[in-house]
> 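Before we start, here is the structure in question, set down as structure tokens.
Fair warning: this is a prediction, and the values are worked out from it, not measured in the lab. Read the numbers this way: they start at 1 and go in the same order the structure lists the ligands and their atoms.
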Amino acid sequence: MMEHYHFDTLAIHAGQEPDPTTGAIMTPIYQTSTYVQSAPAEHKGYEYSRTDNPTRAALENLVAAIEGGRYGLAFASGMAAIDTLLRRFNPGDHILVGNDVYGGTYRLFERVYARYGLRFSWVDLADLDAVRAAFTPQTRLLWLETPTNPLMSIADITALAELAPEGVLVGVDNTFASPALQQPLQLGAHIVMHSSTKYLGGHSDVVGGALAMNDESLYHDLKFLQNAVGAVPAPMDCFLTLRGIKTLHVRMERHSANARLIAEFLADHPAVKTVLYPGLESHPGHEVAKRQMRGFGGMISIILDGPDAARRVVSRTKLFALAESLGGVESLIEHPYSMTHASTAASPIAVPPALVRLSVGIEHVDDLIEDLRQALA
Ligand code: P1T
């Protein structure tokens, strides 16, 4: 197996072999729904593409390898990955969640799964005493993002995994960091989730999700649910994600380098009240981030004078495109309060209306800084 290789090598090779019949170096797009059997239940390992597909299998093995896990599962979207995980729990079960998450995650938890009897509480993960006090005998899952979307808060994965009681799964949405910068399974988490729409895909051309884990029985439960529920990605989307991951480590280096320079520029800018970027020494999570991340990533949030200033800036940038999503090679800007996090607006975890979120791409950093300078003027 490939475990002894470095991350950069795994990102390019894990889960993939040249095609044995043709030598094709790229995994083919197995655009097929079914597989011919020589006799009932006698087949080559594949029966039906909801259950298994060779392009998807390559992606699942690759995601497992880059997260340092034994098992991976791919889904039609990040939300589908979280949805499938939640189906493992039963009415009455309690889930503890960090109090800053993607708006769609909040919506799925409180507006969909609460109706099926799952109970959620929201906690500040930087306050370990508050987290300790929030577990109940019914708690089955601690769910967190770090860095969080969009407040860029840092949770100490090792500390949280240590304090979670026996029997509570610790799940980390690793979308913002990507495994090139942070590997939660190595820090004690039980399951890692991705919106592979973002840094894994990396080119804003595919929507997808993934889970990675080490525990065999957890994997079997989730593999069962993946097939039973059916939110699987298409072979073409798996191919695009496989191709994207090959450059993940190189892209994350440039995302991180550009974002650091932009965070420093913004921190000095008079129109910007606060810069939320874990790479800045002033960030309250900087020390933890330095310990658990290999770089600080490409996401930055800033707080401006008010909602009008925020809406004005996101409408004035030219290179930073005003759009939801993140993690692509091109820079994006958005207003979470009215866009990605509109579903939390009236909730206890609403985001500040004066907050603007940047997904810093891998263009030349001087061009990006000039664009922000003219938009903030
Ligand atoms: O969009 P989808 O692939 O279903 O992934 C959902 C999701 C889950 N977790 C995090 C941390 C995310 O950021 C997302 C999607 N986020 C956006 C679309 C956004 O602009 O924040």
> For ligand 1, find each of its N or O atoms that sits under 3.5 Å from a protein N or O atom, and tabulate the pairs with distances to one decimal place.
unit_1   : atom_1 : unit_2 : atom_2 : d
ligand 1 : 3 (O)  : Gly78  : N      : 2.9
ligand 1 : 3 (O)  : Ser195 : OG     : 2.8
ligand 1 : 3 (O)  : Thr197 : OG1    : 2.7
ligand 1 : 4 (O)  : Gly78  : N      : 3.1
ligand 1 : 4 (O)  : Met79  : N      : 2.9
ligand 1 : 5 (O)  : Ser195 : OG     : 3.1
ligand 1 : 9 (N)  : Asp173 : OD2    : 2.6
ligand 1 : 13 (O) : Asn149 : ND2    : 3.0
ligand 1 : 16 (N) : Lys198 : NZ     : 3.2
ligand 1 : 20 (O) : Ser325 : N      : 2.7
ligand 1 : 20 (O) : Arg357 : NH2    : 2.8
ligand 1 : 21 (O) : Asn149 : ND2    : 2.9
ligand 1 : 21 (O) : Arg357 : NH1    : 2.8
ligand 1 : 21 (O) : Arg357 : NH2    : 3.4

> Would you say the side-chain atoms of Gln226 pair up with the backbone N or O of Ala74, donor to acceptor, closer than 3.5 Å?
yes
> Quick one: which residue pairs count as a side chain to side chain donor-acceptor pair (under 3.5 Å) with a foot in residues 190-201, not counting sequence neighbours?
Glu67-His194, Ser195-Thr197, Ser195-Lys198
> Should Glu334 and Leu326 be marked as a side-chain contact (heavy atoms from CB on, under 4.5 Å) after you check the CA-CA gap, both sets of side-chain angles, and the distance that decides it?
CA-CA 10 Å; Glu334 67 120 5; Leu326 58 113; over 6 Å; no
> Other than Val329, what residues sit in its cluster of Ile, Leu, Val, Met, Phe, Trp and Tyr side chains whose heavy atoms are under 4.5 Å apart, directly or through others?
Ile362
> For Glu110 and Ser347, does a side-chain donor sit closer than 3.5 Å to a side-chain acceptor?
no
> Mind checking who shares a hydrophobic cluster with Val206, ILVMFWY linked at side-chain heavy-atom distances under 4.5 Å?
Ile25, Met26, Ile29, Met236, Phe239, Leu240
